[in-house]
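In what follows, a single structure is set out as structure tokens and then discussed.
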Amino acid sequence: MAAVPWVALFLSFAATIHNHIGLVEASVDIGVCYGMLGDDLPAATEVVNLYKINGIGKMRLFDPNPAALEALRGKEIDVSLGIRNEDLPQLTGSADAVNSWFATNVEPYLNDIVFNYISVGNEVIPGSLGIYVLPVMQSLQKILDDRNLAGIKVSTVVPGSALGVSFPPSSGEFALEASSVMSGIVAFLAQRGSPLLINVYPYFSYASDPVNIRLDYAQFTATSPVVKDGELSYYNLFDAAVDSFLAAMEKVGGANVDVVVSESGWPSDGNGNFTTPELAGTYNRNFLKHITSNAGTPKRPGAYIEGYIFAMFNENQKPEGVEQHFGLFHPNMQPVYSIY
């Protein structure tokens, strides 16, 4: 049998079990992050076509790249759009600045692109930029309300380090240095019915502690429970991480807030036997199956959890090592690994 890019195979499977019908839709409920930190990446028009060829119905853009947004016009790919971290200070406290950002980067495309989310900052909590997130979220929300754009949700993207406690999952709570900022953000999300965007990487947990974290637990391949948390049984680390975030939000009044997994993936190179094409393929296949099955997590069985794979391409301008090898595709648009 000829080699078939695995992402196409499994996204086609996903399309058969979860298809939207509506304006500028028919999209698969799996996204892929389009990172651009490479000096040899294809043009945005070619990238968008690659998404279409492989049935990828959602794209996460880390910033409002004009070439990418132009290429996305009318392509029926839903977009999660990020505000650059370095722009947050100048946007805070200035309604005019936020209006200008929206008028430049969103408004011209509203008739041709479905924006699912605008994420205010990427992994800035905990950190010195965290205090700017909520004010910008509030300013953006007012713009959306004034224009009756209820379909666009405002959120932010947080890393696993936003949690101070993550084990067992029911004990999940935000880190001390993130707690105050996150309490305000979670209250905003709860009021608006918007999700928290979280980055979940079982790879990093496994690679940092392979003695105590089993590979099958990290890769969705365990056949019996690995962690028991009260009455809940965990077969994979991904579910445990998601439920830790849900528990943390409950503790600050966000029991009704959902999550979107804005990044997850496994590098295919850069760290010896921990990072092979086989391991990366296994993780991403199983991540796809898990998300598209709508199985939810032990804490929220059957819940719909949206997910994005990181990333579309290997990016040679990222730090050396594993960071350069998360791509599904090489810059020449050939798959890094295939399914036979």
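Positions are given from 1 along the sequence.
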Find the distance between CD1 (Ile213) and CG (Leu237) and round it off to the nearest 0.5 Å.
-> 6.0 Å

Write out all pairs satisfying side chain to side chain donor-acceptor pair (under 3.5 Å) with one or both partners inside residues 125-146, taking only residues at least two apart or from two chains.
-> Gln141-Asp145, Lys142-Asp146, Asp145-Arg192

Distance-only polar pair, side chains of Tyr337 and Glu278, donor-acceptor under 3.5 Å | no

Linking directly or through intermediates, with side-chain heavy atoms under 4.5 Å: list the remaining ILVMFWY members grouped with Leu37, chain and number order.
-> none

Indicate whether any N or O donor in one side chain lies under 3.5 Å from an N or O acceptor in the other, for Asn316 and Asp39.
-> yes

If we only count heavy atoms from C-beta on, is the Asn122 to Asn199 side-chain gap below 4.5 Å?
-> yes

Just say parallel, tilted or perpendicular for the rings of Phe313 and Phe329, cut-offs at 30° and 60°.
-> tilted

Just by distance, do the side chain of Glu315 and the backbone of Gly38 share a donor-acceptor pair under 3.5 Å?
-> no

Assess the side chains of Asn271 and His325: does a donor N or O sit below 3.5 Å from an acceptor N or O?
-> no

Sub-4.5 Å side-chain heavy-atom contact between Ile56 and Ile309 | no

Answer yes or no: are there more than 12 heavy-atom neighbours, outside Glu320 itself, under 6.0 Å from its atom CD?
-> no

Any Phe204 side-chain heavy atom under 4.5 Å of Val322 side chain | yes

Between Ile291 and Tyr235, is there a shared hydrophobic cluster once you connect ILVMFWY residues whose side-chain heavy atoms come closer than 4.5 Å?
-> no

Hey, could you give me the CE/CG distance between Met137 and Leu189, rounded to the nearest 0.5 Å?
-> 4.5 Å

Atom pair CE (Met312) and OH (Tyr34), whose distance is rounded to the nearest 0.5 Å | 9.0 Å

Can you find a pair of side-chain heavy atoms, one from Leu140 and one from Val98, that are under 4.5 Å apart?
-> yes

List the atom pairs, with distances to 0.1 Å, where a side-chain N or O of residues 161-178 and a protein N or O form a donor-acceptor pair under 3.5 Å, not counting sequence neighbours.
residue	atom	partner	partner atom	Å
Ser170	OG	Asp229	OD1	2.9
Ser170	OG	Asp229	OD2	3.0

Between Tyr283 and Phe287, how do the two ring planes meet: parallel, tilted or perpendicular, split at 30° and 60°?
-> parallel

Would a 4.5 Å heavy-atom cut-off, applied to side chains only, mark Val120 and Val154 as touching?
-> yes

Go through the steps to decide whether Phe310 and Tyr203 satisfy the test ring-ring contact (aromatic ring centres under 6.0 Å, His included), and finish with yes or no.
-> CA-CA 12 Å; Phe310 184 86; Tyr203 161 75; over 10 Å; no

Hits for side-chain contact (heavy atoms from CB on, under 4.5 Å) against Ala218, two or more places apart or cross-chain, chain-then-number order -> Pro202, Tyr206, Trp266

Stepwise side chain to side chain contact (heavy atoms under 4.5 Å, CB included) check, Asn49 with Glu46 = CA-CA 5 Å; Asn49 286 334; Glu46 295 180 274; 5.6 Å; no

Do Met249 and Ile198 have side-chain heavy atoms sitting under 4.5 Å apart?
-> no

Check whether any side-chain heavy atom of Val242 lies under 4.5 Å from a side-chain heavy atom of Phe238, and answer yes or no.
-> yes

Check whether Tyr234 and Leu215 end up in the same hydrophobic cluster, where Ile, Leu, Val, Met, Phe, Trp and Tyr are linked by side-chain heavy atoms less than 4.5 Å apart.
-> yes

Any donor-acceptor N/O pair, Lys153 side chain to Pro195 backbone, under 3.5 Å | no

For Tyr117, the other hydrophobic cluster members (4.5 Å side-chain criterion, sorted by chain and number) are Val157, Leu197, Val260, Tyr308

Exam field: side chain Asp78 to backbone Asn116, donor-acceptor pair closer than 3.5 Å = no

Determine whether more than 12 heavy atoms belonging to other residues, nucleotides or ligands lie under 6.0 Å from atom CG of Asn332.
-> yes

Contacts of Ala247 that satisfy side-chain contact (heavy atoms from CB on, under 4.5 Å) - sequence neighbours left out = Lys251

Is a side-chain N or O of Ser208 found less than 3.5 angstrom from the main chain of Ser205, in a donor-acceptor match?
-> yes

Check whether any side-chain heavy atom of Ile185 lies under 4.5 Å from a side-chain heavy atom of Met182, and answer yes or no.
-> yes

